[in-house]
Structures are given as structure tokens and as C-alpha cells.
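Scroll down for the structure; my scribbles are underneath it.
Because the structure is a prediction, the values reported are computed rather than measured. All heavy atoms count here, side chains included; hydrogens, waters and symmetry mates do not.
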Amino acid sequence: QVQLVESGGGLVQPGGSLRLSCAASGFTFSDYAVSWYRQAPGKERELVAAMARNGDTTNYADYVRGQFSISRDNAKNTLYLQMNSLKPEDAAVYYCRALRLTVTMRKYDYWGQGTQVTVSS
């Protein structure tokens with residue numbers, strides 16, 4: 001059974017830090033590109049950060065570059081998002097995603113259930 005399970009969300013004061021984790025199971029994690037998205041109330045889901053399957057390429061949304069850091073541990077089948085200097089506008093539900101396109105263009109696309117991040121004093 002394929003699963004992506006996020007954890008590490010919660011309430012943090014402005015300027016604080018959180019580290020999100022996403023534990024994968026039921027598929028070969030190292031074969032997948034991974035990413036973090038977020039969705040605030042009343043807004044569309046947006047890409048935060050992405051990483052290639054071997055971790056050698058990363059990409060960040062402009063609004064988190066230098067503030068957030070994506071990483072993965074393929075030995076532990078886990079994806080991480082280190083979030084620093086959090087602002088109220090970073091508050092959202094954060095989702096992890098694992099995506100693979102085969103050479104025959106078959107798509108495997110898995111999402112976690114989300115973890116809430118609240119930034120408030």
C-alpha cells in the first residue's frame with residue numbers, strides 16, 4: 001500500500017523554525033522526484049520546493065528561497081522540509097508529493113494527507 005505521511009507541523013511563533021518530514025512506503029522512494037506544496041485557506045495549492053530523485057537538483061519558489069530547505073534520505077525513505085524565519089504568510093497545510101514518469105510516459109503521482117503549519121504569536 002502506497003503511503004506518504006507528513007509530520008512535524010504545528011504552531012510556531014513568527015521567526016521560528018519547523019522541520020517537516022514525509023515518510024514514504026509502498027513504493028521505491030529513490031525512483032521518484034519529490035516536492036513540497038502548501039495550501040492556505042481560500043488559496044490554490046502552490047509549489048514550495050522540489051528535488052530530483054537522486055537529490056542533486058533542487059528548485060524553490062521565489063517566496064521561500066533562502067528561507068526553506070528541502071532534503072531527502074533515500075535510505076530512510078523520507079523527505080524533509082526545513083523552514084526557518086517563519087512568517088504568518090507561511091501558514092498553510094503542507095503536502096508532500098512523489099512523482100515518477102516512466103520511459104513509456106506512465107505517471108505515478110502520490111500525495112500525502114497534509115500537515116498544518118500555523119505561524120502566530
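- Minimum heavy-atom separation, Leu86 to Val12: CD1-CG1, 3.6 Å.
- Within the 4.5 Å cutoff, side-chain heavy atoms of Leu79 are placed close to those of Phe29.
- By the 4.5 Å side-chain criterion applied to Ile, Leu, Val, Met, Phe, Trp and Tyr, Tyr80 is assigned to no cluster and stands alone.
- Rounded to the nearest 0.5 angstrom, Leu81 CG and Cys96 SG are separated by 10.5 Å.
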**Request:** In sequence, state the C-alpha distance, the side-chain angles, and the governing distance for Thr118 and Ser120, and then conclude on side chain to side chain donor-acceptor pair (under 3.5 Å).
**Result:** CA-CA 6 Å; Thr118 303; Ser120 175; over 6 Å; no
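- Nearest approach of Gln116 to Ala92, heavy atoms of both residues: NE2-O, 3.4 Å.
- Formation of a donor-acceptor pair under 3.5 Å by the Gln67 side chain with backbone atoms of Ser85 is found in this model.
- In this structure, Cys22 SG and Gln3 CD are separated by 10.5 Å, a value rounded to the nearest 0.5 Å.
- Residue Asp56 comes nearest to Ala52 through the heavy atom pair OD1-CB, 3.8 Å, listed as atom of the first residue, atom of the second, then distance.
- Put simply, the side chain of Thr115 gets close to the backbone of Gly9: a donor and an acceptor are under 3.5 Å apart.
- Aromatic ring centres of Phe27 and Tyr110 lie closer together than 6.0 Å.
- In this model, no donor atom of one side chain and acceptor atom of the other lie less than 3.5 Å apart for Thr28 and Ser30.
- A distance-only check finds a donor-acceptor pair linking the side chain of Arg72 to the backbone of Arg53 [under 3.5 Å].
- At a threshold of 4.5 Å between non-hydrogen side-chain atoms, the residues Tyr63 and Glu89 do not count as touching.
- Applying the ring pair (Phe, Tyr, Trp, His ring centres under 6.0 Å) criterion to Tyr37, with sequence neighbours excluded, gives Trp111.
- Applying the salt bridge (charged side-chain N to carboxylate O under 4.0 Å, His left out) definition to pairs two or more places apart or across chains, those involving residues 92-104 are Arg97-Asp109.
- Leu20 is listed as a side-chain neighbour of Met83, based on a closest heavy-atom distance under 4.5 Å.
- The line from OG of Ser35 to CE of Met51 is 11.0 Å long, rounded to the nearest 0.5 Å.
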**Request:** Report the C-alpha separation of Gln39 and Tyr95 in whole Å, then their side-chain angles, then the decisive distance to 0.1 Å, and conclude whether the side-chain contact (heavy atoms from CB on, under 4.5 Å) test is met.
**Result:** CA-CA 8 Å; Gln39 187 167 22; Tyr95 300 88; 4.2 Å; yes
**Message:** The test is side-chain contact (heavy atoms from CB on, under 4.5 Å); show your working for Tyr108 and Leu101 and say whether it passes.
**Reply:** CA-CA 6 Å; Tyr108 297 86; Leu101 285 175; over 6 Å; no
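- Between the side chains of Thr78 and Asp73, no donor-acceptor pair of N or O atoms lies under 3.5 Å.
- Between Asp90 and Val117 the shortest side-chain heavy-atom distance does not fall below 4.5 Å.
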**Val48 vs Tyr60, side-chain contact (heavy atoms from CB on, under 4.5 Å): CA-CA, chis, key distance, verdict** = CA-CA 6 Å; Val48 174; Tyr60 295 91; 5.9 Å; no
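- At least one donor-acceptor pair under 3.5 Å links the side chain of Glu6 to the backbone N or O of Gln113.
- Between Asp62 and Arg65 there is a salt bridge, since a side-chain N of the basic residue sits under 4.0 Å from a carboxylate O of the acidic one.
- Taking hydrophobic clusters as Ile, Leu, Val, Met, Phe, Trp and Tyr residues chained together by side-chain heavy-atom distances below 4.5 Å, Val93 does not share a cluster with Leu18.
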**Request:** Go through Asn84 and Phe68 one step at a time and tell me if the side-chain contact (heavy atoms from CB on, under 4.5 Å) criterion holds.
**Result:** CA-CA 6 Å; Asn84 299 324; Phe68 290 5; 6.0 Å; no
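- Minimum interatomic distance between Ala40 and Ala91 (heavy atoms only, all atoms of both residues): CB-O, 3.8 Å.
- Using a 4.5 Å cut-off between side-chain heavy atoms of Ile, Leu, Val, Met, Phe, Trp and Tyr, with links allowed through other members, Tyr32 and Val2 fall into the same hydrophobic cluster.
- Interatomic distance, CG of Asn74 versus CG of Asp31, reported as 9.0 Å (0.5 Å rounding).
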